[in-house]
Asker: 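Input: one structure, supplied below.
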Amino acid sequence: MGTKDLTFVQLNQLIGRKTGGISVYPFTSSIRGKEDPCSHIIVRGKSMAGRADDLFNLINCVLQEVQFTDQQRFKQFVSQSKARMENRLRGGGHGIAAARMDAKLNVAGWISEQMGGVSYLEFLQALEEKVDNDWAGISSSLEEIRKSLLSKEGCLVNMTADGKTLSNTGKSVGKFLDLLPSKSLVERASWNVRLPSNNEAIVIPTQVNYVGKAANLYDRGYQLSGSAYVISKHISNTWLWDRVRVSGGAYGGFCNFDTHSGVFTFLSYRDPNLLKTIDIYDGTGDFLRELKMDDDTLTKAIIGTIGDVDAYQLPDAKGYSSLVRYLLGITEEERQRRREEILSTR
């Protein structure tokens with residue numbers, strides 16, 4: 001949407017001309033060992049060294065000067081978001097299933113599902129009607145949300161650049177922070193909420209299924225070790241590949257272990273089966289108990305896991321990864337310990 005002086009087209013052209021792009025999105029994650037999740041609005045942008053001042057000015061413009069007055073433009077956003085979510089239900093149902101299960105098992109999962117799952121689609125459907133009937137109410141709500149989110153308190157700036165550029169942009173960062181409100185209008189709140197923990201089926205207009213099953217391993221007393229990464233990789237590449245994809249005819253079958261929350265998730269993609277796939281998930285424990293691996297197979301699993309853990313990153317990705325680790329309390333010492341546990345997996 002536009003500002004007092006710029007239409008949304010002019011604002012987008014200015015961002016395209018002076019920066020490498022600006023994005024704003026919510027970030028939520030569990031923190032291992034803590035009940036409260038990590039939840040932030042993240043603003044990312046990049047620019048040439050000489051455009052750093054422009055980058056921070058435009059970020060401030062996007063955050064504080066955009067006006068919530070263009071009803072038709074906002075309705076367009078809502079309709080586009082709704083259409084994207086409906087397409088995601090049909091083509092990416094495994095992600096929807098994972099989000100629903102996560103929302104039943106931890107607070108961070110519930111927050112993410114409200115902003116990107118079935119609950120979000122239901123919200124958008126109601127909002128689309130409300131835009132026509134109560135635009136004044138929505139406009140003031142948007143303003144209230146902005147005032148609640150933005151404050152210097154709790155704001156963290158993370159920059160990735162060479163030493164000279166970092167020292168030269170100190171003034172730009174200081175000016176940006178000075179323009180932020182000193183305090184948020186709302187008090188910090190804690191939520192201890194989840195979706196009801198019952199089994200669930202969501203009916204969608206496709207001839208295939210997306211089958212998921214999940215549990216929290218930390219709740220069962222599991223202590224994290226780097227070997228969990230290798231085990232997850234091996235289950236996906238052997239047991240689930242052979243049974244769910246090759247024998248079962250699904251496009252994909254895989255598992256994922258969220259080491260922050262402790263949630264271990266099985267998922268299938270475009271799957272002709274339902275109960276048969278759940279039986280395969282349930283048989284994973286027996287598969288691991290009876291597993292006999294030669295050194296060559298184990299080495300391949302370890303190498304594949306290390307490739308994921310230490311994937312090649314460009315400087316902007318390295319900077320973002322370090323920010324996320326800082327927010328989640330993950331130290332370099334802990335990462336090194338996990339590497340050693342992965343490499344010593346038997």
Side-chain angles (χ1 to χ4, degrees), residues 30 84-110 112-114 116-122 125 193-222 227-293 297 301 304-305:
S30 296
R84 270 200 300 271
M85 281 303 303
E86 287 168 346
N87 281 331
R88 199 171 154 226
L89 270 171
R90 287 189 292 272
H94 59 301
I96 296 291
R100 291 296 283 187
M101 293 186 294
D102 214 25
K104 296 167 188 281
L105 294 167
N106 61 79
V107 178
W110 179 83
S112 295
E113 205 276 335
Q114 293 293 313
V118 174
S119 300
Y120 180 53
L121 175 59
E122 289 169 347
Q125 287 166 340
V193 63
R194 293 165 177 76
L195 289 181
S197 60
N198 52 330
N199 294 328
E200 192 172 60
I202 297 164
V203 181
I204 55 171
T206 66
Q207 293 179 310
V208 291
N209 303 304
Y210 300 92
V211 187
K213 188 163 186 172
N216 192 314
L217 301 190
Y218 293 163
D219 288 351
R220 309 294 293 173
Y222 175 70
S227 60
Y229 297 90
V230 186
I231 295 164
S232 301
K233 186 97 179 160
H234 186 68
I235 293 169
S236 288
N237 289 349
T238 55
W239 171 250
L240 295 177
W241 176 274
D242 294 340
R243 296 303 178 98
V244 177
R245 182 175 171 130
V246 178
S247 303
Y251 269 37
F254 42 91
C255 63
N256 176 55
F257 182 41
D258 182 343
T259 56
H260 309 302
S261 67
V263 174
F264 190 94
T265 308
F266 291 105
L267 293 166
S268 71
Y269 180 76
R270 294 186 179 273
D271 190 344
N273 305 301
L274 180 59
L275 297 178
K276 185 180 169 188
T277 298
I278 291 173
D279 288 341
I280 293 164
Y281 298 161
D282 291 344
T284 306
D286 291 335
F287 162 73
L288 289 173
R289 286 185 197 99
E290 295 160 12
L291 184 64
K292 289 181 175 62
M293 287 177 85
T297 307
T305 306

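When reading the values below, keep in mind they use all heavy atoms of this one structure, side chains included, and skip hydrogens, waters and symmetry mates.
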Asker: Minimum heavy-atom separation for A301 to V230, with atom names?
Answerer: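 Heavy atoms of A301 and V230 come nearest at CB-CG1, 3.8 Å.
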Asker: Hey, what do you get for CG (L291) to NE2 (H234), rounding to the nearest 0.5 Å?
Answerer: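 That separation rounds to 4.5 Å.
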Asker: Only one of D219, L217, D102 forms a side-chain contact (heavy atoms from CB on, under 4.5 Å) with V263, so which one is it?
Answerer: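 Exactly one pass, corresponding to D102.
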Asker: Calculate, to the nearest 0.5 Å, the distance between atoms CG and NZ belonging to D279 and K213 respectively.
Answerer: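 Here the interatomic distance stands at 8.5 Å.
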Asker: Looking at N87, I want to see if its CG is surrounded by more than 12 non-hydrogen atoms of other residues, nucleotides or ligands under 6.0 Å.
Answerer: yes
Asker: When rounded to the nearest 0.5 angstrom, what is the spacing between OG1 in T265 and CZ in F257?
Answerer: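 Separation between the atoms: 9.5 Å.
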Asker: State which residues pass ring pair (Phe, Tyr, Trp, His ring centres under 6.0 Å) with Y281; sequence neighbours excluded, sorted by chain then number.
Answerer: F266
Asker: Verify the neighbour count for atom OH of Y251: are there more than 12 heavy atoms of other residues, nucleotides or ligands below 6.0 Å?
Answerer: no
Asker: Are the side chains of Q114 and V193 in contact, using a 4.5 Å heavy-atom criterion?
Answerer: no
Asker: Roughly how far, to the nearest 0.5 Å, is OG of S119 from CG of L195?
Answerer: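 Here the interatomic distance stands at 5.5 Å.
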Asker: Under 4.5 Å between any side-chain heavy atoms of I278 and V211, yes or no?
Answerer: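 Heavy-atom side-chain distance check passes, below 4.5 Å.
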Asker: Atom CZ of residue position R243 - does it have more than 12 heavy atoms of other residues, nucleotides or ligands inside 6.0 Å?
Answerer: no
Asker: Taking C255's backbone N and O only, do any of them form a donor-acceptor pair with S236's side chain (distance below 3.5 Å, no angle check)?
Answerer: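 Yes, S236 side chain to C255 backbone: donor-acceptor pair under 3.5 Å.
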Asker: If you define the side chain from C-beta out and look only at heavy atoms, does anything of D271 sit under 4.5 Å from V244?
Answerer: yes
Asker: Please examine the side chains of N106 and Y218, heavy atoms only from C-beta on, and report whether any two atoms are closer than 4.5 Å.
Answerer: no
Asker: As an exercise, state the distance from CG of L89 to CD1 of I96, rounded to the nearest 0.5 Å.
Answerer: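 Those atoms lie 4.5 Å apart.
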Asker: List the residues meeting ring pair (Phe, Tyr, Trp, His ring centres under 6.0 Å) with Y269, not counting sequence neighbours, and say none if there are none.
Answerer: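 Scan of Y269 (ring pair (Phe, Tyr, Trp, His ring centres under 6.0 Å), adjacent residues dropped) gives H94, Y210.
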Asker: Please examine the side chains of K104 and E113, heavy atoms only from C-beta on, and report whether any two atoms are closer than 4.5 Å.
Answerer: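 No, their side chains stay 4.5 Å or more apart.
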